[in-house]
Amino acid sequence: MELRDALAEHVRDGMTVALEGFTHLIPFAAGHELIRQGRRDLTLVRMTPDLIYDQLIGMGCASKLIFSYGGNPGVGSLHRFRDAVENGWPQPLELVEHSHAGLANAYTAGASGLPFAVLRGYAGTDLATHNGQVAFVDCPFTGERVSAVRAVTPDVSIIHAQQADRHGNVQLWGLAGVQKEAVLAAKAAIATVEEAVDELEPRPQSVVLPAWTLSAVCHVPGGAHPSYAAGYSTRDNDFYSAWDEIARDRDRFLEWMRERVLAGAEVPA
Amino acid sequence: MELRDALAEHVRDGMTVALEGFTHLIPFAAGHELIRQGRRDLTLVRMTPDLIYDQLIGMGCASKLIFSYGGNPGVGSLHRFRDAVENGWPQPLELVEHSHAGLANAYTAGASGLPFAVLRGYAGTDLATHNGQVAFVDCPFTGERVSAVRAVTPDVSIIHAQQADRHGNVQLWGLAGVQKEAVLAAKAAIATVEEAVDELEPRPQSVVLPAWTLSAVCHVPGGAHPSYAAGYSTRDNDFYSAWDEIARDRDRFLEWMRERVLAGAEVPA
Amino acid sequence: MSVDQAAAATEVTPEELMTINAARGLRNGQVCLVGVGPPNAAANLARRLQAPDCVLVYESGAIGAQPMRLPLSIGDDDLAATALELVSVPEMFNFWIGGGRIDVGFLGAAQIDSHANLNTTVIGGYAEPKVRLPGAGGAPEIAACARSVLVIVRHSPRTFVERLDFVTSLAQARGQTVVITDLGVLRPAAGGELELVAVHPGVEPDDVQQATGWELRIADQLEHTEPPTQREVDELRDLRASARRPA
Amino acid sequence: MSVDQAAAATEVTPEELMTINAARGLRNGQVCLVGVGPPNAAANLARRLQAPDCVLVYESGAIGAQPMRLPLSIGDDDLAATALELVSVPEMFNFWIGGGRIDVGFLGAAQIDSHANLNTTVIGGYAEPKVRLPGAGGAPEIAACARSVLVIVRHSPRTFVERLDFVTSLAQARGQTVVITDLGVLRPAAGGELELVAVHPGVEPDDVQQATGWELRIADQLEHTEPPTQREVDELRDLRASARRPA
């Protein structure tokens, strides 16, 4: 299926959408297509918003962000995210802010069909004060107080993986992040893949998502750039560094997006 | 390390001990060694007691059982388990009885350092009435009532795996059951392995337990028989069927245990 | 169906009759949670007949298993070796069963009541049981979370009881329940009480009532199941024989 | 230590000084949870010096990573490729961090208070921040669950503040906390208030007080850290250069 058609069919304005991938396998091509399709008012969910959400936020696609770490890893700030929070540009961004453990468990609860999950954490921090999706419950056996996070159940989750077979089963390997949980927590799920193969070959440290857990599978080689797909590409650390300057200035950012994303062709930066 | 020495050092009368392995990789050799060492008053934990706990119970090693399915898979009853529950022979057996989901989550809570876990299940059943380690909690966000199980944290967990490397890292592959959770929930953990290798080679569908999560690793080829170790042996279904008759009669059972287990040599049945 | 195609009802065992009728209910693409015994045979029989692409899930952690032989236990090597994916048991129960991804869950029982609640725990009192049964296993969550539940159980007054000695699994709240016995087929009517909706060839409604420990509701339009075909019987027997063949 | 062996303090940058002092605290066999930046450099420096067998864990899911080069992000391919095991992020936080299996957790901060509570969320008010920082990441759970926490942070009155604008991570409840800055080393005294226990070569206690936004407790027996050795500096610089070398 064409990525364009899959996203047009499944993602509509106002939906809650998760593009997952923890440093590795971030579905950039799908994010760019959402920008081209002009989606608005999305609630975006991601543990690490990374450059992809910096771009979606800067292009005015999102009104709310559920996240746990909003930096450019190893580089510094996400300037478009900061501009939205600090100055409301191009529009205000409501935040639902977790720790990594909190958001990971919120996905896990969603994948398990549970309304919440319990974990250690949050006690005594200001995170619990500002996030209505965090609460505390008492252990019915020991009386100990633990924290609880509300389940996250995206309307659509989108991931990038290395391979799909002819039945539409998808396999990813290497750092697996929270992708299985994001897919299984969602009402619909879309995977872009580097390669279409006849049969999946079992691999070490892999995650397989059966075809029947996915709504669409799209063949998009290089669809994780500037993130990477182990076995197919390496992380474009230079681009991550260069983004700092591109995103720092609103006009420079808009120009880059017009040239590199809106123009349509997915070219390596 | 010799299995005999590892068990003598770590397992003492009255302890809570889990021997895990879901059909696959059941640590029979370790169970037999516990019988030879004459352990008493153990609280045994296992999702599927299987033949190994039928033997430990019948030999009077256990006073309490935490479990979720006490049958001989595909064959029928565990007669020594039944005799203990129905007639108190050779001694009464206190039961803490879960569903699979309940006990799996109790291990998971233990591995996570949490006092309890939440799940769907138990509502309306008599299981909740008779098991003090099951309760109900209300979701702090939706008000929905879900069930809760108390964490299981064995004093010692024992597993069987395919390989250990020269550093003591252990790898198992195939059906992985709840072994990782059992090891990480326990205060001490022992692994028996089919083979000692120089380096572990990454494999599909494998679980690796770093050396620092284990208290002892023992080289015990065939240590899962009549269960099996994928890649090394197949399940001895004939023995599982034959056990029905051996275990049905107390004298026949005791004779078999004397000849095959107490005599010391681990011979294939 | 011609007489040539149909195997005489007397030729098949009660278990074969239940297994064949259970297999008929499965369709391609359905995700089936399969346990040991008749469910295992029924699901694998369906794969040989009308549903080659139904997805078999075993609570041992095998997803999309395609066993060549009939597995004897749910942890057989053949299941793991042919599965699309293996997951841990906690993941199986949390993400796959608890997460509501099972279309058809198979269950058996030592006792069933008029609302399809099931007992697999004890006959007699819990503290001093007359017969200690294996217990719950995955049944309570399969009953609670699968989209539909298929109970396979032999019909007798000792099994179809007015009051369970122990409620191990609560009747399906979420979707459909079908109870397939060696006498016929029952489904919950409005209100949840089981109703006899079909009888097998040669079985009269009164035979079923005699084997049921409560006053049985019988559907106005009682149906008759098709007798097992020769192909169904042959494939089932070949499947059972395969369990004893080396891989 | 002879002058020959010691690199002159002026030769090293503040970040190098912090990194070298942090690396010195690690021992073989310790399980270290490592983030980006100085912690990453410190842990990998320790592996080249006194602790070749310390175990590196990255919250991205890599356990026992043995990177050849200094990774730039915690999700670099080199970490995954050299790890003993990769686990999902939920498993990392539940079983490995939450389960209390980390001996040493490294943290940084934009603000730290007198009890070693940390802010990585905002400068200014939460609703209308002056500076929006990245946020929590894994810090709150590392702070709560690791056996000891090593905070690496540059010393300035803007960072060492009387009152945090936001409490992202609560000070270590379970074990030891050590704060390593470019001026010295602080540890909680009885009651939990940080106390200056050591200064780096050439640093006076008053320099540290000037860079601290509250009245600083100073240990009765104030120690002086050893100056970085030439080997420490060389290895650290080679490590940093390695990040830019192809694999």
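Lettering follows sequence order; numbering is per chain, from 1.
L164(C) contributes atom CG, which lies 11.5 Å from atom OG1 of T125(B) (distance to the nearest 0.5 angstrom). Atoms OG and CD, from S88(C) and Q205(B) in turn, are 12.5 Å apart once rounded to the nearest 0.5 Å. Note that OG1 of T121(C) is 5.5 Å distant from CG of L127(B), once rounded to the nearest 0.5 Å. Once rounded to the nearest 0.5 Å, the distance linking CG of D165(C) with CG of D126(B) reads 10.0 Å.
Annotation: maximal heavy-atom pairing with chain C below 4.5 Å, among A230(B), G177(B), P204(B), G121(B), occurs at G177(B). Your options are S99(B), G74(B), S77(B), P49(B), and the one with the most heavy-atom pairs under 4.5 Å with chain C is S99(B). Interface check for chain B: of the options P90(C), A80(C), A83(C), the most heavy-atom pairs under 4.5 Å are formed by P90(C). Of the residues considered (N237(B), T48(B), V75(B)), N237(B) shows the highest number of contacts with chain C, using heavy-atom pairs under 4.5 Å. When each of Y228(B), Y240(B), Y107(B) is checked for heavy-atom pairs under 4.5 Å with chain C, Y228(B) comes out on top. No other option in G174(B), G88(B), A101(B) has as many heavy-atom pairs under 4.5 Å with chain C as A101(B). Between chain C and the options H130(B), R120(B), H24(B), heavy-atom pairs under 4.5 Å are most frequent for H130(B). Interface check for chain B: of the options E128(C), M92(C), K130(C), the most heavy-atom pairs under 4.5 Å are formed by K130(C).
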Open item on the list: Walk me through whether E141(C) and Y122(B) qualify under side-chain hydrogen bond (donor to acceptor under 3.5 Å, both in side chains).
Closed with: CA-CA 8 Å; E141(C) 287 77 27; Y122(B) 289 115; 5.6 Å; no
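The local environment of CZ in R163(C) is sparse, with at most 12 non-hydrogen atoms from other residues, nucleotides or ligands closer than 6.0 Å. Annotation: E162(C), atom CD; neighbour count of heavy atoms from other residues, nucleotides and ligands within 6.0 Å does not exceed 12. The number of heavy-atom neighbours closer than 6.0 Å to CD of E245(B), taken from other residues, nucleotides and ligands shown, is 12 or below.
Residues E86(B) and R132(C) approach most closely at OE2-N, 2.6 Å, considering heavy atoms. In terms of heavy-atom proximity, Y69(B) sits nearest to G135(C) at CD1-O, 4.2 Å. Of all non-hydrogen atoms in V89(C) and A104(B), the two that sit nearest each other are CG1-CB, 4.3 Å. Taking both residues in full, the closest heavy atoms of G61(C) and L175(B) are given as C-CD2, 4.2 Å, listed atom of the first, atom of the second, then distance.
The contact between A123(B) and chain C is made entirely by backbone atoms, counting heavy-atom distances below 4.5 Å. If you measure heavy-atom distances from P129(C) to chain B, the contacts under 4.5 Å come from both the backbone and the side chain. Residue contact with chain B, scored on non-hydrogen atoms closer than 4.5 Å, is absent for L79(C). With a 4.5 Å cut-off on non-hydrogen atoms, N40(C) does not touch chain B at all. Interface remark: V122(C) contributes no atoms to any contact with chain B (heavy atom separation under 4.5 Å).
Side-chain contact between L95(B) and Y126(C) is present, with heavy atoms from C-beta onward closer than 4.5 Å.
Electrostatic pairing of K180(B) and E91(C) does not count as a salt bridge here, judged by no charged N lying under 4.0 Å from a carboxylate O.
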